Amino acid sequence: MKLGDYQFFGAYSLLDLKWIIQHTLTLMKKYTLHRDVSKKTFLIPYEKELNEEQLQVVLADPGPVLVIAGAGSGKTRVVTYRVARLLEQGVSPNNILLLTFTNKAAREMLHRVEHLMKIDTRYIWGGTFHHIGNMILRQHSDRVGFKRNFSILDNEDAKDLIEVVIKESKIDRKARRFPKGSVIKDIISYAVNTMTDIPESIEERSPFFLDIVDEIATIQTLYMEKKRATNAMDFDDLLYYWHKLLAENEDLRKFYALSFSHILVDEYQDTNRIQAEVVDFMGFINRHVMVVGDDAQSIYSFRGADFQNILEFPKKYEEARVFKLETNYRSTPEILGLANSSILQNKRQFTKELRSVKKSGITPVVAPSRDVMQQAEFVAQRILELRDEGTPLNRIAVLYRAHYHCMELQMELTRRDIPFEIRSGLRFFEQAHIKDVVSFLRVIVNPEDEVSWKRMFQLFPRIGKRTAERIFDHLKTVSNPIDLIISKKIGEVFKGIQKESIDTWSKLFGVLSGLHALEAPADMISAVLEHGYIDYLKYNFPNHTARLEDINQLISFSSQYQSLETFLSELSLMGGLSGEEVVSADREDERVVLSTIHQAKGLEWKAVFIIWCAEGRFPNPKAVEEEGGLEEERRLFYVAATRAMDELYLCYPMLIFDKQIGHLILKPSRFIAELSSIHYEEWQISDIM
């Protein structure tokens, strides 16, 4: 689409068209060309290819349109055929803008259009918001202070540049802890995408940083200046400056609003405020804006997605028509009955009722288990049974609200040689924060553990790789390294180590040594948290809350071990033997999928297990405290249930052990309690002795 400095639109370059339009703006009076297509023979038999609901959307007259596309209702098909229809009606590919949230979605839609129409779809402006923003900014970057050849920083580059800015700002990191670049980046990103300032962003996301809000605001300003000085933009800038171009330049706003006669937006429920305003700018003249999404699947508020965008679209575009796609091609009537019943509890929504085209199937199962280990055993055994019944492992998924919920299941699957794939990040025991806290325990058991000592030292301020190596080289020369740490004599040898770190080591290792004698791994992990690691999480990881939940779950898990050595040995075996490596020759591509619900959106499996469906775990208690949080949690449950095609299992442990409280009885999630018993059958799990 790009040749030299020219963006081509048919026979004219972008610069030619811009000149033509700018010289006619003063005389501009809206005049619509009406093309008679009543006698035209269309290539595509739409009535045969689409159901009645889909057909109404595809054949809809121009103008603003909101399509509420239920799960499994053929949303991609509708968008694809709508684009094809526009092309058949004579709309130029250059005048169509298709905005998506993933490159994969854009490629899939455009590939389907190409297959239907037998045309080159490269002239359609199709891609993610960031992709289209990049294309437009390449033409007008000078208006926002950048050269056309600006670089784009990926997330790692952006984090590194913020670290440079922090260093150049002369902020005294010796006087007190200061957030890492990745944490600052997360705060800035949220502020940009929600169009809020840094103080408001911090108050919402990271209130424990309110005492340094001025410093963080300064870092944002310096970071923006540094990017301009180095002619570089990060991903958020592609949206921010695209919006700025249109908001501050009337000629460009009119130019692009005239250029795109039809705008289609996929997954509109996931747009944030800045994206929604960009869409409005681009479509304010022709107003042929079609947005497609499902308010019942709006689950990304933590990223800045604004649920109000889809709810208020009919208010913003008063002439908008609303269509609903309620015919579901994915799930059985029984699964949809459960999902419909659940989401009906939400007040703020476009009400709809999914209807299945499939024959009646298996009733969803609610499976309470004695404890979390029995839950894992049940899921693992039922997976093997499903495989024996003909369901491939890769057509089975286990979904959960938080990553730590799958810890015991990973262990059970590994024990049974069931291959699995983690979609929610690293395996539980391979995560950095888990390995961090465990490193303290390992050096207590084995003071010669070089890897663990070095990892532990580098968690503290002003200790890098080389210093950690020097400290360990010295520890090797003494008979009792732990005593050297507890006595603080290590500070006499390495005078550059901060006194606060020496004091922390002395206190912590004194506690750990005493607890080691009592064989109390849970208390030892708690001690690590209490001696600074919680603050370390806050200042080093944007998702520190989730990581702290992981460690608390590890504490509960470790409580079942009477020996620290046995506990550490178990962890080592789990880290060294992954479910992905246990693959038999005849099923080498089959792996059960383990995923958070957020990661599973848009996917489907024949059988789905949702684990930890217990009050206090799902819904997330912290989310429930936020405005609109409970309804978003219920939407998460709805998304999870509608991933299942044929079989759905809702699992939860009835009894758990909490280190602070002791044994705790769990009730089923309110999302189960809200259901009528006609929507599920309950299984009683028993052990054969």
Side-chain angles (χ1 to χ4, degrees), residues 44-86 98-102 105-106 108-109 112-113 116 262-271 279 288-299 305 307 309-314 317 320-344 346 348-359 600-604 634-635 638-645:
I44 302 171
Y46 295 98
E47 291 80 1
K48 293 181 180 179
E49 298 286 335
L50 305 167
N51 67 32
E52 185 59 33
E53 294 170 345
Q54 296 168 340
L55 186 65
Q56 289 182 20
V57 175
V58 170
L59 302 185
D61 292 333
V65 171
L66 169 62
V67 182
I68 303 299
S73 62
K75 170 178 63 68
T76 300
R77 188 176 187 84
V78 166
V79 175
T80 299
Y81 276 80
R82 177 68 175 180
V83 173
R85 176 72 173 187
L86 293 174
L98 173 60
L99 291 165
T100 65
F101 272 83
T102 66
E108 181 180 355
M109 291 179 186
R112 290 189 187 185
V113 171
L116 287 171
H262 289 82
I263 299 172
L264 300 94
V265 186
D266 187 28
E267 303 285 9
Y268 189 70
Q269 79 281 349
D270 293 335
T271 54
V279 171
H288 301 328
V289 179
M290 175 179 284
V291 299
V292 184
D294 183 3
D295 57 298
Q297 298 187 68
S298 178
I299 59 174
F307 180 64
N309 289 342
I310 192 167
L311 282 187
E312 296 183 356
F313 186 85
Y317 295 84
R321 285 152 297 155
V322 179
F323 296 90
K324 295 180 181 180
L325 304 181
E326 298 174 292
T327 303
N328 178 282
Y329 293 88
R330 175 186 298 151
S331 306
T332 62
E334 289 77 8
I335 292 171
L336 294 186
L338 183 148
N340 287 333
S341 178
S342 176
I343 201 64
L344 195 61
N346 276 8
R348 301 168 65 229
Q349 63 172 312
F350 293 101
T351 56
K352 62 181 178 300
E353 184 174 358
L354 295 181
R355 301 178 302 273
S356 177
V357 301
K358 300 175 75 170
K359 295 179 180 178
K601 184 174 174 292
L603 304 175
E604 63 184 26
R634 191 176 286 109
R635 293 195 293 269
Y638 175 85
V639 167
T642 54
R643 299 311 94 199
M645 301 170 68

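Numbering of residues begins at 1 and proceeds along the displayed sequence. None of these values were measured; they are calculated from a predicted model.
- Scanning both residues, Pro314 and Ala320, for their nearest heavy atoms gives CA-CB, 4.5 Å.
- Taking every heavy atom of both residues into account, Ile335 and Ala641 meet most closely at CG2-O, 3.5 Å.
- Remark: the backbone N or O of Pro62 is not paired with any side-chain donor or acceptor of His288 at under 3.5 angstrom.
- For Asn328 (side chain) and Ser73 (main-chain N/O), no donor-acceptor pair under 3.5 Å exists by modelled atom type.
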> Could you walk me through whether Tyr81 and Leu50 pass the side-chain contact (heavy atoms from CB on, under 4.5 Å) check?
Replying inline: CA-CA 9 Å; Tyr81 276 80; Leu50 305 167; 4.0 Å; yes

>> side-chain contact (heavy atoms from CB on, under 4.5 Å) for Gln54 and Asn51? Distances and angles first, verdict last.
In response: CA-CA 5 Å; Gln54 296 168 340; Asn51 67 32; 3.2 Å; yes

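- A salt bridge links Lys601 with Asp270: the distance from a Lys NZ or Arg NE/NH1/NH2 to an Asp or Glu carboxylate oxygen falls below 4.0 Å.
- Glu604 has a carboxylate O that lies under 4.0 Å from a charged side-chain N of Arg330, or vice versa, which qualifies the two as a salt bridge.
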>> I'd like to know whether Val289 forms a side-chain contact (heavy atoms from CB on, under 4.5 Å) with Val65, so could you lay out the CA-CA distance, the side-chain angles of the two residues, the decisive distance to 0.1 Å, and finally the verdict.
In response: CA-CA 6 Å; Val289 179; Val65 171; over 6 Å; no

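- The cationic group of Arg635 lies under 6.0 Å from the six-membered ring centre of Phe307 and within 45° of the ring axis, placing it in a cation-pi geometry.
- A distance-only check finds no donor-acceptor pair linking the side chain of Glu312 to the backbone of Asn309 [under 3.5 Å].
- Side-chain N or O atoms of Gln56 include none that pairs as donor or acceptor with a backbone N or O of Glu53 at under 3.5 Å.
- For the residue pair Leu336 and Ser331, the shortest heavy atom distance occurs at CD2-CB, 3.7 Å.
- Remark: side-chain polar atoms of Thr271 are paired, donor with acceptor, to backbone N or O of Tyr268 under 3.5 angstrom.
- A donor-acceptor distance shorter than 3.5 angstrom exists from the side chain of Thr642 to the backbone of Tyr638, with no hydrogens or angles considered.
- Judged purely by atom type and a 3.5 angstrom limit, Gln269 has no side-chain atom pairing as donor or acceptor with the backbone of Leu311.
- Here the side chain of Arg643 pairs a donor or acceptor atom with the backbone of Leu603 at under 3.5 angstrom.
- The backbone N or O of Leu55 sits nowhere less than 3.5 Å from a side-chain atom of Glu49 that would complete a donor-acceptor pair.
- Put simply, the side chain of Asp294 gets close to the backbone of Ala296: a donor and an acceptor are under 3.5 Å apart.
- Between Glu326 and Lys352 there is no salt bridge, since no side-chain N of the basic residue sits under 4.0 Å from a carboxylate O of the acidic one.
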>> Go through it in stages, so that I can follow the logic: the residues are Val639 and Ile299, the test is side-chain contact (heavy atoms from CB on, under 4.5 Å), and I'd like the CA-CA distance, side-chain angles, deciding distance and then a yes or no.
In response: CA-CA 9 Å; Val639 167; Ile299 59 174; 4.2 Å; yes

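- Nearest heavy atom pair, residue Asp61 against residue Arg82, reads O-NH2, 4.0 Å.
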